[in-house]
Amino acid sequence: MQITDQTPSTPPLLEVEHVSMRFGGLVAINDLSFTATARRITAIIGPNGAGKTTLFNCLTGFYRPGVGRMTLHHPVRGPVRLERLEGFRVAREAGVARTFQNIRLFPRMSVLENLIVAQHHVLMRASVCTIAGLLGLSRYRRAEAHAVGKARHWLERVGLVAHADREAGTLPYGDQRRLEIARALCTDPLLLCLDEPAAGLDPRESQDLNRLLRSLRAEGVTILLIEHDMSVVMEISDKVVVLDHGQKIAVGPPAAIRTNPAVIRAYLGEEEDEPLPPEITGAIGEEGKAHG
Amino acid sequence: MSARLLKHGAPSPVLVTAIREAALTGLLVVVLAVPFLGLKIENAGNGLLLETRWPAAFIAVGLAMGGRVLLVLGREWWHRPAVFDRFPGTVFLSERPLWGLGMAGILLALFLPLLLPNRYAIDTATTLLIYVMLGWGLNIVVGLAGLLDLGYVAFYAVGAYSYALLSLYFDYSFWLCLPLAGLLAALFGILLGFPVLRLRGDYLAIVTLGFGEIIRVVLTNWNTLTHGSQGISGIPRPSFFGLPFGVAVEGGPVTFSAFFGIAHDPLHRVIFLYYLILVLALGTNAFTLRIRRLPIGRAWEALREDETACRALGLDPTTIKLSAFAIGAMFAGLAGSFFAARQGFVSPESFAFLESAIILAIVVLGGMGSQTGVVVAAFVLVVLPEWFRDFVEYRMFLFGAAMVAVMLWRPQGLLSHRAPTLRLSPGPAPPH
């Protein structure tokens, strides 16, 4: 698939411009700019410590970047500046939902309850600050039935409907990952940020995940994906952004990224400036030239 | 360790195991009993005298060893590998018997004044219900929202003093002060909530502990308003919807007994107070059970489980925490104004840290978040010590032993089962 952000029919949903984030002396993200096209899957890859999760934390309101703009082009509200929103408002007002690298479910609540909590705002409005809910008015009961319906829909999509009434913490690892994605989807996100969704999945589960993400894309969800599993990245992403030491070193379709020398260097390690002994230089000379 | 020996050790007959374990136990008790029982320091006028009581130490060692032998033999007889294994970690009681237990408890509570028409029993039951109500109120903060509050008694004090002061200075009636006390306590809950919004766990516990002490110290030292440590006495007793409970006096107000044409009996007031706190406590319970199924209640539990995930889903931790503090405090305030009305006297002494500790112990012992657990734990911690008043010297010892036993066998509390607040499929819960 050869879709780049130049495709005119699909405007960018998310625009990140010159974002920098530093922790004391450590520069986690340095002057990063990229766009995520609407209805496309954008993968963010890079070696450990490249700043991928930091970027997610900036986008979803957990960190506030020191410099830069992050604009989400909301179809209803118009452009929303993510870095100006208070942390917890990002999900509600910009429609950005996320999952976590180390799964963060509500382990002692049931699977269904996890999905209902994600629809807190709709239900809170229907319960009129709890009062209509306390009185058991039909308006609230309808809203709750609707929320359960939506939860059931996503449970069916991720194949967890049979476990709906189980305690979320007792699910196997792969199921917990899928539940976390379903929970994020219950917030009706415009932009879904997945932090290593394939980590710890077996090949079959990983294939299921690819299928799910593809169908979400077809339904109009824009996906931002951090992933180490290259089979997932290469197979489903439309665009790949490569970070290293907080800097963007490459961007483009997966096929181009695969052969990009800068990316290969970042992953396999840079050739040191230190001169190697001549006998070794001679032996690897051919290879070194090929990398050029 | 002993259980493992029995299960996997060399093929040892029971008796050998029993003797070996008894020897170990004996050794342990010798270490403990020699200084604690065997030696006694007497104050002999001009100095200290060391007295020995070896027989007592011998008896203790003998009892412990004999007990251990009996325990090992009994264990074999029960065909149980270990005592500890008899209490599974997950589901202790399923929902259905728990529900039945609750209904039976409510029925018993409703007919108690008929079954036990004596003042002492009803007074004890009233005290129990105050603690049950406080436990249910704190359960919202600690059990549902997961905010460890060591100063809960402060809100109880706010409620009690609200009624005491409003009736002292403005002559407000109990029925007017009851909602006011609840509101004031809720306000103090929010007041405490603001500075501690960013704190969690241990830090939160320390600040709430401090808040509890601040309230008590203010009540003790603000002499002009609160009469300091002397407290406020002569707080008017609640009337039966306007009918006082006193003896009918010529020209005085119509009393309860006169209105209903029955003989005056001081027990009437006691029974009325009992039903009043029963209604307040059951109201607290009904409110909690209901709100658990509403978005705000689920948000409390979600906050307890993972605050970061809450933020990522767009839940505002500030309002969730403040609402938990406010509503939890409100129930303490209601209980407090009842307490003031019942005693007719309040002083800062009633609101010491020990009270907070007992209420928290009730919640933790009962199983955090479990409503039935609170009742069981309140019974264990309030009524049992009352029954064992004759062994007053051993009360704290038994209290400690009970706590240790619970932490060993049921670290998650007596009743820790959590039923989901809504289900996708009707029918029994799937096996966990």
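Chain letters run A, B, ... following the sequence lines, proteins first, then strands; residues in each count from 1. Note: hydrogens, waters and symmetry copies are ignored here, and every other heavy atom, side chains too, is used.
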Rounded to the nearest 0.5 Å, what separates atom [atom1] in [X] from atom [atom2] in [Y]?
X: I103(A); Y: D306(B); atom1: CD1; atom2: CG; result: 11.5 Å
X: H120(A); Y: I320(B); atom1: NE2; atom2: CD1; result: 5.0 Å
X: M124(A); Y: R298(B); atom1: CE; atom2: CZ; result: 11.5 Å

### Message
Any heavy-atom pair between the side chains of L313(B) and F106(A) that's under 4.5 Å?
### Response
yes
### Query
Taking A309(B), C310(B), A302(B), A312(B) one by one, which has the highest count of heavy-atom pairs under 4.5 Å against chain A?
A302(B)
### Query
Out of P317(B), G314(B), S323(B), which one racks up the most heavy-atom pairs below 4.5 Å with chain A?
G314(B)
### Task
Could you give me the CA-CA distance, side-chain angles and deciding distance for Y140(A) and L294(B), then say whether side-chain contact (heavy atoms from CB on, under 4.5 Å) is met?
CA-CA 9 Å; Y140(A) 174 70; L294(B) 291 177; 3.5 Å; yes
Contacting region of [X] [heavy-atom separation from chain B under 4.5 Å]:
X: L112(A); value: side chain
X: V117(A); value: both
X: V161(A); value: both
X: T60(A); value: neither
X: L105(A); value: backbone
X: Q119(A); value: neither
X: R89(A); value: neither

### Query
Would you say E113(A)'s side chain and T421(B)'s backbone share a donor-acceptor pair under 3.5 angstrom?
yes
### Task
Answer yes or no: is there a donor N or O on one side and an acceptor on the other, between the side chain of D165(A) and the main chain of L424(B), under 3.5 Å?
yes
Would you say [atom1] of [X] has more than 12 non-hydrogen atoms from neighbouring residues, nucleotides or ligands within 6.0 angstrom?
X: R157(A); atom1: CZ; result: yes
X: Y173(A); atom1: OH; result: yes
X: H146(A); atom1: NE2; result: no
X: R84(A); atom1: CZ; result: no
X: F56(A); atom1: CZ; result: yes

### Task
Select, from H163(A), R152(A), R98(A), R92(A), the one with the greatest count of heavy-atom pairs under 4.5 Å involving chain B.
R152(A)
### Among the listed options C193(A), A97(A), P107(A), the residue most often paired with chain B at heavy-atom distances under 4.5 Å
P107(A)
#### Entry: Heavy-atom pair with the smallest gap, counting every atom of R108(A) and R304(B)
CB-NH2, 4.3 Å
### Query
Between L315(B) and F88(A), which heavy-atom pair has the shortest distance, and what is it?
O-CB, 3.4 Å
